[in-house]
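Please read the structure below before turning to the comments.
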Amino acid sequence: VSGQNLVYADNDGNIGQISAYTQPLLKDPSATLDLIKTAGNSIEGGIDSYDLPYSYNPPSGYIASANNLPYPTEIPIAFEYSGYNRMLRMTAVCDSIDSITIETLVDLQTDVMSYQALKLRDLILEKLAGDYDQYQDLDKEYWESFVSWDGNYDVSSRGAVAFETMMYFFSTTIIGKYYPEEYMQSFFMNDYRWVVLLPKLIEKESAQSLSSNQHSALKQGKKYFKKYRTCGEMHRLVFGSPLEGITLIGKKIILSDIC
C-alpha cells in the first residue's frame, strides 16, 4: 500500500499531519533507490512515521494538503504524486483571510484557480518579449483570450479554453524535441512531472524557436478554440453504455451528458 498523508484535528483545536509510511533502509544505502532489491542488499530496517518529518499545530494555524509531496527527504518517499498547485492555492486563500470557516472550506472545494498554469503562461509571454503582432494577426480573439486569462477554470471561462488548446500543441512540440514520443503519456499523466519539466525546457529555447512554436500552436489550436466557446463546453463527462462501442450507431446511445 502506498504511503498516505494523514491529517488530524481534535476537539481541543489541535491539528497535525503525518505520513503513514515506512521508508526501507537497505544494507547498502547507496542503492536504496533501486527498484529491484537483491539478496545481497537486504532490508536492514526502516524509517517510520515517528522518525519522518511531521506537522503539529503549525504557526500558520492550518494545514494544507492535496495529495502533494508534504516535505523533501534525503531518500524519496514517493515517485508519483500530485503537484503543489492545489496546496499553494489553499495556502494563498487561507493566508488572505482573518479566520477559516466552514464556508471557506466549501468554497475551496469548488475553487478552480491554477497558479501553475498562470505561471506557465506568464513565462511564455516573458520569453516572447512583447512581440505579439504576428499572433494577433493570425487570430486576435484567440491570442487576446490567452494573454488576458486570469488562471481560473470556471465553467464560463474563454481564457481557459485558449490556454488549454494552445498549450496542448505547444507542450507536445517542445517536449517532443527533447524526449522520445513513448515518454509523452507518462509526462502528462503526472501533473507534477510536466509542471516541473516544461518551464525548464522553455528556458532552454531560443526566442526564435519559442516564437515559431507558439505560432504553430496557435494555428493548430484555433479550430478547437472556435469549437468550444467555454471551459464548460470543453470539459464534459459523458455517461454511456457498452452499446456506445457499436460501429456507426454507437454514439447515438448516450445516457446523459453533464458538465
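Predicted model, so just to flag it, every value in this text is computed and none were measured.
Taking hydrophobic clusters as Ile, Leu, Val, Met, Phe, Trp and Tyr residues chained together by side-chain heavy-atom distances below 4.5 Å, Ile100 does not share a cluster with Met113. Met167 and Leu201 end up in the same hydrophobic cluster when Ile, Leu, Val, Met, Phe, Trp and Tyr side chains are linked at under 4.5 Å. Tyr21 and Ile18 are assigned to two separate hydrophobic clusters, defined by single-linkage of ILVMFWY side chains at heavy-atom distances under 4.5 Å. Phe163 and Leu138 fall within the same hydrophobic cluster, where Ile, Leu, Val, Met, Phe, Trp and Tyr residues are linked whenever their side-chain heavy atoms come under 4.5 Å apart, directly or through other members. Under a hydrophobic-cluster definition in which Ile, Leu, Val, Met, Phe, Trp and Tyr are linked whenever side-chain heavy atoms come within less than 4.5 Å, directly or via other members, Val7 and Tyr84 are assigned to different clusters.
Between the CG atom of Asp150 and the CZ atom of Arg121 there is a distance of 8.5 Å, given to the nearest 0.5 Å. Of the inter-residue distances, the one linking Asn67 atom CG with Met87 atom CE reads 12.0 Å to the nearest 0.5 angstrom. If you take OG1 on Thr91 and OH on Tyr62, they are separated by 4.5 Å, rounding to the nearest 0.5 Å. Taken from CE in Met90 to CG in Asn85, the straight-line distance is 10.0 Å, to the nearest 0.5 Å. Here Leu6 contributes atom CG and Ser65 contributes atom OG; the two are 9.0 Å apart, rounded to the nearest 0.5 Å. In this structure, CG on Leu218 lies 11.0 Å from CG on Asp137, to the nearest 0.5 angstrom.
When atom types are taken as modelled, the side chain of Asn5 and the backbone of Asn68 share a donor-acceptor pair closer than 3.5 angstrom. Of the possible donor and acceptor atoms, one in the side chain of Asp10 sits under 3.5 Å from a partner among the backbone N and O of Gly13. Here the side chain of Tyr142 pairs a donor or acceptor atom with the backbone of Met166 at under 3.5 angstrom. When atom types are taken as modelled, the side chain of Thr172 and the backbone of Tyr168 share a donor-acceptor pair closer than 3.5 angstrom.
In Lys219, the NZ atom is not crowded: 12 or fewer heavy atoms of neighbouring residues, nucleotides or ligands sit closer than 6.0 Å. The number of heavy-atom neighbours closer than 6.0 Å to CD1 of Ile97, taken from other residues, nucleotides and ligands shown, is above 12. Annotation for Phe169: atom CZ counts as buried by contact number, over 12 foreign heavy atoms lying within 6.0 Å.
Taking every heavy atom of both residues into account, Phe170 and Asn213 meet most closely at O-ND2, 3.3 Å. Glu203 and Leu123 get closest at one heavy-atom pair: OE2-CD1, 3.3 Å. Scanning both residues, Ser145 and Ala162, for their nearest heavy atoms gives CB-CB, 3.8 Å. In plain terms, the two heavy atoms of Ile63 and Ser55 that are nearest each other are CD1-OG, 3.9 Å. Annotation for Gln134 and Ser211: closest pair NE2-OG, 2.8 Å, computed over non-hydrogen atoms. Pairing each heavy atom of Ile202 with each of Lys127, the nearest pair is O-CE, 3.4 Å.
Taking 4.5 Å as the limit, some side-chain heavy atom of Leu197 sits within range of a side-chain heavy atom of Tyr179. Contact of the Lys223 side chain with the Thr165 side chain is not registered, since no non-hydrogen atoms from C-beta on lie closer than 4.5 Å. For the pair Asn152 and Ser157, the minimum side-chain heavy-atom distance is 4.5 Å or more. Here the side chains of Ile15 and Asn57 are in contact, with some heavy-atom distance below 4.5 Å. At a threshold of 4.5 Å between non-hydrogen side-chain atoms, the residues Tyr132 and Leu125 count as touching. Side-chain contact check for Lys227 versus Glu233: every heavy-atom pair is 4.5 Å or farther apart.
A side-chain N or O of Lys177 and one of Ser209 form a donor-acceptor pair less than 3.5 Å apart. Side-chain contact, Ser19 with Tyr71: a donor N or O sits under 3.5 Å from an acceptor N or O. Under the 3.5 Å distance criterion, with hydrogens and angles disregarded, a donor-acceptor pair is assigned to the side chains of Thr101 and Glu103.
Seen from the ring of Phe225, Arg158 counts as a face-on cation partner, given the 6.0 Å and 45° thresholds.
Evaluated for a side-chain contact (heavy atoms from CB on, under 4.5 Å) with Glu164, the options Phe146, Trp149, Tyr228, Tyr153 yield exactly one hit, Tyr153.
Aromatic ring pairs are classed by plane angle as parallel below 30°, tilted from 30° to 60° and perpendicular above 60°; the pair Tyr135 and His215 is tilted.
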Does the salt bridge (Lys or Arg N to Asp or Glu O under 4.0 Å) test come out yes or no for Lys226 and Glu141, once each step is laid out?
CA-CA 10 Å; Lys226 295 185 184 304; Glu141 183 195 3; 5.1 Å; no
